[in-house]
Amino acid sequence: MSKDREFYLRRLHSLLGIIPVGLFLTQHLIINHFATKGAEAFNGATHFMESLPFLIFLEIFVIYLPLMFHAFYGIYIAFTAKNNPKNFGTLRNYLFILQRFTGIFLVVFIAWHVFETRFQVAIGAKEVNFNMMVDILSNPWMLGFYIVGVISATFHLANGIWSFLVSWGITQSPKSQQVATYVTLAIFLALSVVGVQALLAFV
Ligand code: HEM
């Protein structure tokens, strides 16, 4: 691949990780959090999302296509990146590797999650509501799988924001990168609490 082409593809991959995929993940976790206020609040929030006009186009262009590009190009990056923690051994190196591992795990988790929820609904086998999630999460293995999936996604997004800021030249000095570490750590913790609290509300 030519260097120019690779540069633009990397930029596109990076941008799509934030807009729209990262924004979608954040709103998805916030909507799910309505579950902590009870079945009625959760069902109301999901029905509002389902009533948006042109839902299928929104889903295809704002969620599926950007996510698929980010995921497929992400797999390519993950398998071609040079991971060398032995040479550096810094926290950043381990986070860099974890970024790739969580990305690959997310391919499996998201594929399963879309199959189990969106696809089953599309073929009329299920209806999205509070009880559907209660059913799914009544299996302790599934609950564990979903908790690991949600934490992988929040880590991947938060650590991704850190590397996005570096790739786009926004945090260039060591000081600004250190501040970004604290800010993204706070984002990771906040989103993880919101995501895991929502899951536990179905149990
Ligand atoms: C919940 C869904 C996901 C979100 C919110 C997300 C978000 C992000 C963000 C914001 C970045 C940082 C971009 C940058 O470094 O400039 C990133 C990087 C990355 N993502 Fe994702 N991503 C998701 C799913 C995936 C999946 C399924 C894969 C598949 C392997 C993946 C692989 C990668 C890789 C390898 C990087 C590092 C790119 C690099 O260092 O240049 N991501 N992601």
Side-chain angles (χ1 to χ4, degrees), residues 1 3-33 58-85 87-88 90-119 145-172 176-177 180-181 183-196 198-199:
M1 203 184 304
K3 282 265 171 282
D4 266 3
R5 203 173 126 97
E6 181 142 9
F7 175 83
Y8 289 115
L9 287 176
R10 284 295 278 253
R11 280 295 151 100
L12 182 62
H13 176 261
S14 164
L15 187 63
L16 291 178
I18 306 279
I19 307 165
V21 180
L23 285 180
F24 168 72
L25 173 65
T26 309
Q27 79 87 29
H28 189 34
L29 295 179
I30 292 172
I31 294 280
N32 292 348
H33 198 255
L58 280 177
E59 282 184 333
I60 292 175
F61 292 103
V62 179
I63 308 171
Y64 296 126
L65 290 180
L67 179 61
M68 276 164 72
F69 175 84
H70 183 87
F72 288 128
Y73 198 65
I75 293 173
Y76 165 77
I77 296 174
F79 285 102
T80 53
K82 293 179 186 66
N83 297 339
N84 51 358
N87 291 355
F88 296 98
T90 60
L91 174 68
R92 272 292 144 210
N93 249 309
Y94 286 109
L95 295 179
F96 174 91
I97 294 176
L98 208 51
Q99 183 75 7
R100 279 145 183 78
F101 273 109
T102 50
I104 290 163
F105 178 71
L106 283 172
V107 175
V108 177
F109 175 69
I110 295 171
W112 174 256
H113 176 56
V114 171
F115 170 76
E116 197 174 37
T117 56
R118 200 65 193 86
F119 180 73
F145 182 57
Y146 267 79
I147 291 177
V148 175
V150 164
I151 293 177
S152 300
T154 55
F155 167 82
H156 188 92
L157 173 60
N159 192 52
I161 294 173
W162 188 91
S163 62
F164 172 88
L165 294 172
V166 175
S167 331
W168 291 76
I170 299 166
T171 48
Q172 293 186 12
S176 60
Q177 290 176 6
T181 298
V183 174
T184 53
L185 177 65
I187 294 175
F188 166 65
L189 293 175
L191 285 181
S192 299
V193 169
V194 169
V196 173
L199 289 176

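Keep in mind the model is a prediction, meaning the values are calculated, not measured. Start at 1 and go down the list; that is how both ligands and their atoms are numbered.
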*Asks:* Kindly confirm whether atom 21 (Fe) of ligand 1 is within less than 2.8 Å of some N/O/S atom in H70?
*Replies:*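 Within the cut-off used here (under 2.8 Å), H70 does place an N, O or S atom near atom 21 (Fe) of ligand 1.
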*Asks:* Starting from atom 34 (C) of ligand 1, which protein heavy atom do you reach first, and at what distance in Å?
*Replies:* H13 CE1, 3.8 Å
*Asks:* Find all atoms of ligand 1 within a distance of less than 4.0 Å from any non-hydrogen atom belonging to I104, and give their numbers and elements.
*Replies:*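 Those of ligand 1 that fall under 4.0 Å from I104 are 30 (C).
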*Asks:* Within ligand 1, which atoms have a heavy atom of R10 less than 4.0 Å away?
*Replies:*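 Contacts of ligand 1 toward R10, numbered from 1: 39 (C), 41 (O).
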*Asks:* Atom 35 (C) of ligand 1: which protein heavy atom is closest, and how many Å away?
*Replies:* G74 O, 3.4 Å
*Asks:* Among all protein heavy atoms in this structure, tell me which lies nearest to atom 40 (O) of ligand 1, with the distance rounded to 0.1 Å.
*Replies:* R100 NH2, 3.0 Å
*Asks:* Measuring from atom 5 (C) of ligand 1, which candidate in V150, V21, L16 has the nearest non-hydrogen atom?
*Replies:*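 Looking at heavy atoms only, the winner is V21.
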*Asks:* Determine yes or no for a side-chain-to-main-chain donor-acceptor pair under 3.5 angstrom, with H70 supplying the side chain and L16 the backbone.
*Replies:* no
*Asks:* Going by distance only, is there an N or O of S167 that falls short of 3.5 Å from an N or O of ligand 1?
*Replies:* yes
*Asks:* So among L157, V21, I187, which one has a side chain to side chain contact (heavy atoms under 4.5 Å, CB included) with T26?
*Replies:* L157
*Asks:* State the atoms of ligand 1, each with its element, that fall below the 4.0 Å cut-off from a heavy-atom position in G22.
*Replies:*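 Every atom of ligand 1 under 4.0 Å from some heavy atom of G22: 5 (C).
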*Asks:* For ligand 1, which atoms, with element, lie under 4.0 Å from some heavy atom of S14?
*Replies:*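 So the atoms of ligand 1 that pass are 13 (C), 14 (C), 16 (O).
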*Asks:* Quick one: does W162's side chain have a donor or acceptor within less than 3.5 Å of a partner on Q177's backbone?
*Replies:*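 Flag set: sc W162 to bb Q177 pair under 3.5 Å.
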*Asks:* Please name the atom of H156, restricted to N, O or S, that is closest to atom 21 (Fe) of ligand 1.
*Replies:*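 Closest to atom 21 (Fe) of ligand 1 among those atoms: NE2.
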*Asks:* Centroid-to-centroid, F109 to W112, below 6.0 Å?
*Replies:* no
*Asks:* Is the backbone N or O of V166 less than 3.5 Å from a side-chain atom of Q172, with the two atoms forming a donor-acceptor pair by type?
*Replies:* no
*Asks:* Please identify which atoms of ligand 1 are closer than 4.0 Å to at least one heavy atom of F164.
*Replies:* 14 (C), 15 (O), 16 (O)
*Asks:* Answer yes or no: is there a side-chain heavy-atom contact under 4.5 Å between V148 and F105?
*Replies:* yes
*Asks:* Within the structure provided, determine whether L98 and N159 are in side-chain contact (heavy-atom separation under 4.5 Å).
*Replies:*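 No, every pair of side-chain atoms sits at 4.5 Å or beyond.
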*Asks:* Just to confirm my output: which protein heavy-atom neighbour is closest to atom 15 (O) of ligand 1, and how far is it?
*Replies:*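 Checked against all protein heavy atoms, atom 15 (O) of ligand 1 sits closest to S163 OG, 2.7 Å.
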*Asks:* Identify, by atom number and element, the atoms of ligand 1 in contact range of I75, meaning under 4.0 Å from any of its heavy atoms.
*Replies:* 30 (C)
*Asks:* As a check for students: among G160, G149, G103, identify the option with a heavy atom nearest to atom 28 (C) of ligand 1.
*Replies:* G103
*Asks:* Heavy-atom distance to atom 1 (C) of ligand 1: which of I110, V108, N159 wins?
*Replies:*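 The option holding the nearest heavy atom is I110.
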*Asks:* Among all protein heavy atoms, pick out the one at the shortest distance from atom 7 (C) of ligand 1; state its residue, atom name and that distance to 0.1 Å.
*Replies:*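 Ranking protein heavy atoms by distance from atom 7 (C) of ligand 1, first comes G17 O, 3.3 Å.
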*Asks:* Is the distance between the ring centroids of H113 and Y146 under 6.0 Å?
*Replies:*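 Between Y146 and H113, the centre distance is under 6.0 Å.
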*Asks:* Indicate yes or no: at least one non-hydrogen side-chain atom of L67 is less than 4.5 angstrom from one of F72.
*Replies:* no
*Asks:* Quick one: is the NZ or CZ of R100 closer than 6.0 Å to the six-membered ring centre of F96, and within 45° of its axis?
*Replies:*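 So R100 does make the cation-pi contact.
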*Asks:* Could you tell me, atom by atom, which parts of ligand 1 come under 4.0 Å of a heavy atom of Q99?
*Replies:* 11 (C), 17 (C), 18 (C), 19 (C), 43 (N)
*Asks:* Given the rule in the side-chain hydrogen bond (donor to acceptor under 3.5 Å, both in side chains) test, do R10 and S167 qualify, once you have shown the distances and angles that lead to the verdict?
*Replies:* CA-CA 9 Å; R10 284 295 278 253; S167 331; over 6 Å; no
